[in-house]
Amino acid sequence: MHWADYTAKILQERGGSQVSASGITPSGEFHIGHLREILSAEMIHRACIDAGMESDYVFIVDSMDPLRRVYDFLSPSYEQFIGHPLAYIPAPDDNGNPGKGEVSYAEHFLNPFLQALEKIGVKPRVVMNHETYESGAFARGIDTAIMNRDEIRNLIEGISGRELGENWFPYNPIGPDGSLDGVRVTGYEKPFVSWVDSNGLEGRSDIRKAEGKLPWRIDWAARWIIHGITCEPAGKDHGSAGGSFDTGIPICKLLGGNPPDKIVYEWIQLKGMGPMSSSTGLTVGPMEALSLVPPEILRYVIARSKINRHIEFDTGPSLFHIADEYERLVASPLEEEEGMSKRQAVSLATQSGALRLSQVVRGSDPLDSFAGVSFRHLSMLAQIKSLDQDVWRSLERSGHIEGEPSPQLMERLARMRSWIDGPHFPDESKIEIRVELPIEEKKGLDSKSVNFLSDLSGRLAKCDWDEDSIVKSIKNSCESSEITNRDGFKLIYWVLIGKSSGPKASSLIYEIGRINVLGLLE
RNA sequence: GGGCCUGUAGCUUAGUCAGGUAGAGCGCCGGGCUUUUAACCCGGUGGCCGGGGGUUCGAAUCCCCUCAGGCCCGCCA
């Protein structure tokens, strides 16, 4: 059974309608890892619906979280905003300087991410957490937390092993400068928390307004109640012993709620691609990934892995692998059969679950997303055929398509071209035409091979420049120099691209052009 | 110091929660497709399930120990 279906089954036992949730702090550019936070919850939400339950999916944006430090992509002038909620500070412009404030910092990073989510079929109810504070919905939780501050302190200290300072208070007011830092609480008289800031300025915050916030561990527990959340998978950082999940559950109960079960997902690692990794600061954004692969395959990256396993993501070879695996499964899914072993049955259910949950539109047939050509094959054609029409003609001849290409396929070729032209395309998949042959390699040729190549050179110099004539020349050369077709083609690939196999030789030669080919055959 | 995940064929892995003779894909090798695309079709090769011990009629699966890799524990998905 797929993990999302399994979780849905557990939730069914809990009963009632379900609310799955994700939460992300928009402190900077969103990346591919955030997709796992989103999709872990969204897929469980879909599985609940598929299992016949009422279900809602909420994406809570932690817009009330403060700016922690001046990140590399920000100018030093952001120093003044440290400690301010992300919803209340201006977005950076292209140079990292604070903008005019038409768009908040939180929205600036959130908006492109939401667009990417739409493309992969995720339609969350978006909740800006600062608006929940502004609405007063947190007031009840804040009041209860303050009234039970000692118990909450004991819970956090006991479970996390963290010692909370003497001035710790389960509510952080915003000071007169707009920052959450350096404000000390001096008293509470519902609904006002009074405080003094680091300069000795005194004031008070109304807990019914966004004039302060709960510390993370309490905030999380309180929002479970506010939104009726029954399921919120969290990253492994929240999942370790004594982490915020372990404190959140009892705190939520203390506040009078029924907390969700602990579900932890593993992280996505960025791997390989030489210099492309965290060290260069280059990460892969969801939009960027979508410019390379279709949305259902991006979903499949998450759906195919068990929730508690690392995903090693790279935009190179593994993307090929996953994309072709997806195509293969769609084309020939496992079928239910008499006398299937338990294993096969489990694997069938998991696989079909993964395919089902990978669809952009819930409930649509995976076959609708099927392009009928492997990524590997398409990448090759795209590299040797500069015109789309030539790619379609080739695919028609090879029997991949009949007549006009499908819209899915056309989109796929467009994406393939941008992948090939971009920095993420794997070297091992690149077809690189040689400029000249190294002398040592020339010396290693036996006389038969030399004969073949010079014979071929003579024929190619004269023949019509179309694929049929080129193929004929190759076959004739093989015959007259008494080598097998197989060896002949191997030699050609070796001369042209330095490998023993490659894309259809005639197409390759045709695309390289007569002059260049003859130059290499010299 | 506390905790999590992982270790199964050359590679990626399923199977571990509910113990019952190790499955798959890729790769590789061979064959076919009478113009041999890295396409497509068919067949084959390949694993003392990290190591040791225990429980059991029976262990990849449960328990204990151990080795190796990755990760989390202010904020971070």
Side-chain angles (χ1 to χ4, degrees), chain A residues 1 6 22-25 27-28 30-41 62 65-69 71 159-162 215-217 232-244 246 264-269 271 304-312 317-318 320-322 324-325 328-329 331-332 334 340-348 350-351 372-381 383-385 394-395 397-400 428-429 431 467-476 478 484-490 492-493 497 499-508:
Chain A
M1 192 184 262
Y6 179 76
S22 304
I24 300 177
T25 306
S27 55
F30 282 75
H31 56 79
I32 202 87
H34 292 112
L35 233 41
R36 195 167 200 182
E37 164 80 25
I38 296 290
L39 286 175
S40 295
D62 284 309
D65 286 13
L67 184 71
R68 298 275 168 203
R69 60 185 176 84
Y71 303 105
I159 294 171
S160 76
R162 235 170 91 205
W216 161 244
R217 286 173 189 254
E232 182 169 355
K236 64 188 301 186
D237 50 331
H238 298 304
S240 44
S244 44
D246 289 351
V264 176
Y265 62 86
E266 264 288 351
W267 285 9
I268 294 179
Q269 320 270 340
K271 185 202 168 190
R304 71 193 278 274
S305 295
K306 294 199 289 192
I307 193 162
N308 60 355
R309 285 185 83 122
H310 295 249
I311 292 177
E312 297 229 336
S318 71
F320 263 112
H321 186 257
I322 293 170
D324 285 344
E325 177 180 293
R328 196 172 53 240
L329 285 180
S332 49
L334 285 178
M340 234 180 182
S341 70
K342 188 178 110 184
R343 265 186 208 112
Q344 288 170 311
V346 166
S347 150
L348 172 101
T350 309
Q351 244 174 44
V373 184
S374 75
F375 268 58
R376 206 161 280 285
H377 188 47
L378 192 61
S379 82
M380 183 185 73
L381 291 177
Q383 285 182 83
I384 59 169
K385 309 272 189 192
S394 169
L395 286 173
R397 237 175 328 182
S398 59
H400 284 91
E428 63 181 62
S429 300
I431 297 169
E467 294 195 16
D468 283 349
S469 308
I470 293 169
V471 167
K472 230 169 254 169
S473 303
I474 296 172
K475 293 212 72 179
N476 290 337
C478 287
T484 62
N485 284 353
R486 179 179 285 270
D487 288 339
F489 277 97
K490 269 189 187 168
I492 291 170
Y493 289 123
I497 57 176
K499 295 177 184 175
S500 62
S501 64
K504 189 173 187 176
S506 55
S507 308
L508 193 60

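None of the values given here were measured: they were computed from a predicted structure. Letters go in sequence order (proteins before strands), and every chain restarts at 1.
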- Atom-pair distance (CD1 on A:I470; P on B:U37), nearest Å: 13 Å
- In whole angstroms, how far is the P atom of B:U37 from the CD atom of A:E467? 10 Å
Taking the [atom1] atom of each, how far is [N] from [M], in whole Å?
{"N": "B:G50", "M": "B:C17", "atom1": "P", "value": "15 Å"}
{"N": "B:G46", "M": "B:U12", "atom1": "C1'", "value": "15 Å"}
{"N": "B:A68", "M": "B:A77", "atom1": "C1'", "value": "27 Å"}
{"N": "B:A60", "M": "B:U21", "atom1": "P", "value": "10 Å"}
{"N": "B:C42", "M": "B:G25", "atom1": "P", "value": "11 Å"}
{"N": "B:A9", "M": "B:U13", "atom1": "P", "value": "11 Å"}
{"N": "B:C75", "M": "B:G70", "atom1": "P", "value": "25 Å"}

- Item | Steps toward side-chain contact (heavy atoms from CB on, under 4.5 Å) verdict (A:D65, A:S27) | CA-CA 9 Å; A:D65 286 13; A:S27 55; over 6 Å; no
Show each protein N/O and nucleotides 24-28 of chain B N/O combination with a separation under 3.5 Å, one pair to a line.
unit_1	atom_1	unit_2	atom_2	d
B:G25	O2'	A:R328	NH1	2.9
B:G25	O2'	A:R328	NH2	2.4

Distances for protein N or O near nucleotides 70-72 of chain B N or O, under 3.5 Å:
unit_1	atom_1	unit_2	atom_2	d
B:C71	O2'	A:K236	NZ	2.4
B:C72	O2'	A:S240	OG	3.3

Contacts of [X] that satisfy side-chain hydrogen bond (donor to acceptor under 3.5 Å, both in side chains) - sequence neighbours left out:
{"X": "A:K504", "answer": "none"}
{"X": "A:S22", "answer": "A:Y57"}
{"X": "A:H400", "answer": "A:S398"}

- Closest to the side chain of A:F489, out of B:C75, B:U36, B:G7, is B:U36
- Query: Do any side-chain nitrogens or oxygens of A:H377 fall under 4.0 Å of OP1 or OP2 in B:A39?
  - Reply: no
- Query: Under 4.0 Å between a side-chain N/O of A:K475 and OP1 or OP2 of B:U34, yes or no?
  - Reply: no
- Read 5' to 3' with Watson-Crick or G-U pairs under 3.5 Å, [ ] for crossing pairs and | for partners on another strand, RNA chain B gives (((((((..((((......[..)))).(((((.......))))).....(((((..]....))))))))))))....
